[in-house]
Amino acid sequence: MPMQIRQIPSAQQYHPAGFISGSPATSDDDDQFYYHEGRRLPTQGYCPFPADEEENERLRTVHTMTQAVLGSNYFGPVDRVLLKPTSTGRRRQVLDIGAGTGSWTREMGQNFPSVDFCGIDIIPVQPAVQSRGAGGAGLLRMSYDSDDDAPELPNVRFERSDVTMGLNYGDMEFDVVHCRNVLTVAIPDYIGAIREFTRVLRPSGLLLLAETTVPYTLSDGTTHNPDSALAEFTYAVQNALRAVGMDPDIRLTLESVVRKGSFKEVETRDIVIPLGEWPADPRLRKIGRLGREALEMTLRSLTPLLRQGGYDDGQLSMLLSRIHTELDAEKPGSGSGTALVSTYLWAKKK
């Protein structure tokens, strides 16, 4: 059924710690965005990341790396659920929460043409455009720099919704609910959100979750040296998230939270996405080169947050210089270095 968009509270209500500040959005953006430190940010929601083309490119880069490391767009028996005919002949339904650029939703819609996919986000998902081929580290990457909008797949739609206010769907509407890297940075009451995801899931349906320790760790999941710039950056970002009620370490408790819910099967898998050329495996080293690009974009994306946290120009310049020095010192092929460490989980509802 069509989603009824609820009235969303103001930015100041959502950001008691002051994530939101800066000039109003231009008339072209209506009231959806404002500008700060040269970056476009959404006026609604909790997420500290911008909502502009550079951030979209970061998201697409992380999506590409995740695909390469995971070997798929999903973890779990998704194909068995989606390809199994229903007793009534109805089409299977999938909900993608926090669709972002729409990459996952569209690719899944292409892979499963007999299934209907709905992606939701707090800001409008940008239109699909014609791909111009591959690039970057020998990995397939979708290019979104064309001016020509591509037609949307008939089984894919996008709707605007604030998940923190609940899902505007009835009970047991979806066969699969997917949510990747949203709970940690955008939903303070993540336990309540998981209950809501469960509510709209059909019996024997799949819940697919993935969360990453924000922003970085070492490849073995431990933190950087406390005296390092990378540790200072990590603490600053995590403290900012905690100030607005977020938990930067959700991935560590994700399985235990889900197991307390209405699920009969739960499985998890940890994956490591390298952010540099430190992997010994040549294939992962290529991914790591792309990861370093993503890391650089993350540093730029979070610069406004650091400024709001008290860093002046000189302090910020010094911190970023030290971070680059530390990253450059990670020896190629050493087998250990800075990474995104993610926990992937699938659970089958009772």
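Computed from a predicted model, the values in this text were never measured in an experiment.
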When you measure from the side chain of Glu55 to the backbone N and O of Asp52, does any donor-acceptor pair fall under 3.5 Å?
no

For Arg322 and Leu319, run side chain to side chain contact (heavy atoms under 4.5 Å, CB included): C-alpha distance rounded to whole Å, both residues' side-chain angles, the deciding distance at 0.1 Å, then the answer.
CA-CA 5 Å; Arg322 289 172 55 213; Leu319 177 63; 4.3 Å; yes

Could you tell me the separation between the CD atom of Glu293 and the CG atom of Leu275, rounded to the nearest 0.5 Å?
11.5 Å

Pair Thr61-Leu290, side chain to side chain contact (heavy atoms under 4.5 Å, CB included): steps then yes or no:
CA-CA 7 Å; Thr61 300; Leu290 200 57; 3.6 Å; yes

Going by the angle between their ring planes, with limits at 30° and 60°, are Phe233 and Tyr216 parallel, tilted or perpendicular?
parallel

Could you walk me through whether His63 and Glu107 satisfy the side chain to side chain donor-acceptor pair (under 3.5 Å) test, starting with their C-alpha distance in whole Å, then the side-chain angles of each, then the deciding distance to 0.1 Å, before giving a yes or no?
CA-CA 11 Å; His63 173 70; Glu107 290 173 16; 3.0 Å; yes

Quick one: does Gln238's side chain have a donor or acceptor within less than 3.5 Å of a partner on Val214's backbone?
yes

If we count only N and O atoms by modelled type, under 3.5 Å, do the side chains of Thr101 and Asn56 hold a donor and an acceptor together?
no

Main chain of Ile122, side chain of Arg160: is a donor-acceptor contact present, judged purely on distance under 3.5 Å?
yes

Taking the side chain from Glu196 and the backbone from Leu167, do they hold a donor-acceptor pair closer than 3.5 Å?
yes

Between Glu53 and Arg60, does a salt bridge (charged side-chain N to carboxylate O under 4.0 Å, His left out) hold up when you go through it step by step?
CA-CA 10 Å; Glu53 183 51 35; Arg60 290 190 290 264; 2.4 Å; yes

Is Phe197 close to Leu209 at the side-chain level, that is, under 4.5 Å between some pair of heavy atoms?
yes

Can you tell me how far apart CG (Leu70) and OG (Ser342) are? Round to the nearest 0.5 Å.
9.5 Å

Heavy-atom donor-acceptor pair, Asp312 side chain to Gln315 backbone, under 3.5 Å
yes

Just grab all the ring-ring contact (aromatic ring centres under 6.0 Å, His included) pairs involving residues 311-345, residues at least two apart or on different chains.
none

Check: Leu299 main-chain N/O paired with Thr303 side-chain donor or acceptor under 3.5 Å:
yes

Are any of the side-chain nitrogens in Glu54 or Arg58 under 4.0 Å away from the carboxylate oxygens of its partner?
no

Verify whether one side chain among Thr213 and Arg251 offers a donor that lies under 3.5 Å from an acceptor in the other.
yes

Side chain to side chain contact (heavy atoms under 4.5 Å, CB included), that's the test. Do Arg285 and Asp281 meet it? Break it down for me.
CA-CA 6 Å; Arg285 201 174 307 146; Asp281 184 327; over 6 Å; no

Ignoring hydrogens and geometry, is there a side-chain-to-backbone donor-acceptor pair from Asp171 to Val200 under 3.5 Å?
no

Would a distance-only check, ignoring hydrogens and angles, find a side-chain to backbone donor-acceptor pair under 3.5 Å from Glu211 to Leu183?
yes

Measure from the side-chain N and O atoms of Ser334 to the backbone N and O of Ser336, and report whether any donor-acceptor pair falls under 3.5 Å.
yes

Residue that, paired with Val258, satisfies side-chain contact (heavy atoms from CB on, under 4.5 Å) out of Thr198, Val266, Thr253
Val266

Evaluate whether atom CZ of Arg90 has more than 12 neighbouring non-hydrogen atoms of other residues, nucleotides or ligands under 6.0 angstrom away.
yes

So does Arg289 pair up with Glu277, basic N to acidic O under 4.0 Å?
yes

Verdict with reasoning, Thr338 to His224, per side chain to side chain donor-acceptor pair (under 3.5 Å)
CA-CA 8 Å; Thr338 300; His224 291 84; 2.9 Å; yes

Any chance you could measure Leu153, atom CG, to Asp116, atom CG, to the nearest 0.5 Å?
11.5 Å

Asp313 and Arg307: salt bridge (charged side-chain N to carboxylate O under 4.0 Å, His left out), yes or no, with the steps?
CA-CA 8 Å; Asp313 288 346; Arg307 288 189 188 279; 2.2 Å; yes

Please tell me whether Phe75 and Val272 are part of a single hydrophobic cluster in this structure, the criterion being side-chain heavy atoms less than 4.5 Å apart.
no

Should Arg180 and Asp96 count as an ion pair when the cut-off is N to O under 4.0 Å?
no

Would you mind reporting whether Asp249 and Thr184 have side-chain heavy atoms less than 4.5 Å apart?
no

Does any non-hydrogen side-chain atom of Leu218 lie less than 4.5 Å from one of Thr223?
no

State whether the side chain of Glu159 and the backbone N or O of Cys118 hold a donor-acceptor pair below 3.5 Å, judged by distance alone.
no

Whether the Ser204 and Lys264 side chains hold a donor-acceptor pair (N or O, under 3.5 Å, no angle test) is what I'd like checked.
yes

Can you measure from CD1 (Ile250) to CD1 (Ile187) and round to the nearest 0.5 angstrom?
8.0 Å

Checking Arg92 against Leu82 for the side chain to side chain contact (heavy atoms under 4.5 Å, CB included) test, could you report, in this order, the C-alpha distance in whole Å, the side-chain angles of both residues, the deciding distance, and whether it holds?
CA-CA 6 Å; Arg92 299 282 184 185; Leu82 295 184; 4.2 Å; yes

If you draw a 6.0 Å radius around CD in Gln110, do more than 12 non-hydrogen atoms from other residues or ligands fall strictly inside?
no

Measuring from Lys348:NZ to Ser262:OG, what's the distance to the nearest 0.5 Å?
15.5 Å

side-chain contact (heavy atoms from CB on, under 4.5 Å) partners for Leu208, two or more places apart
Tyr74, Val78, Val176, His178, Leu206, Trp346

Residues that Ala186 engages under side-chain contact (heavy atoms from CB on, under 4.5 Å), provided they are two or more places apart
Cys47, Val182

How about Met297 and Glu57: do any of their side-chain heavy atoms sit closer than 4.5 Å?
yes

Would you tell me whether Gln93 and Asp175 have side-chain atoms, one donor and one acceptor, within less than 3.5 Å of each other?
no

Using side-chain heavy atoms (C-beta onward) and a distance below 4.5 Å, is Phe112 in contact with Asn155?
no

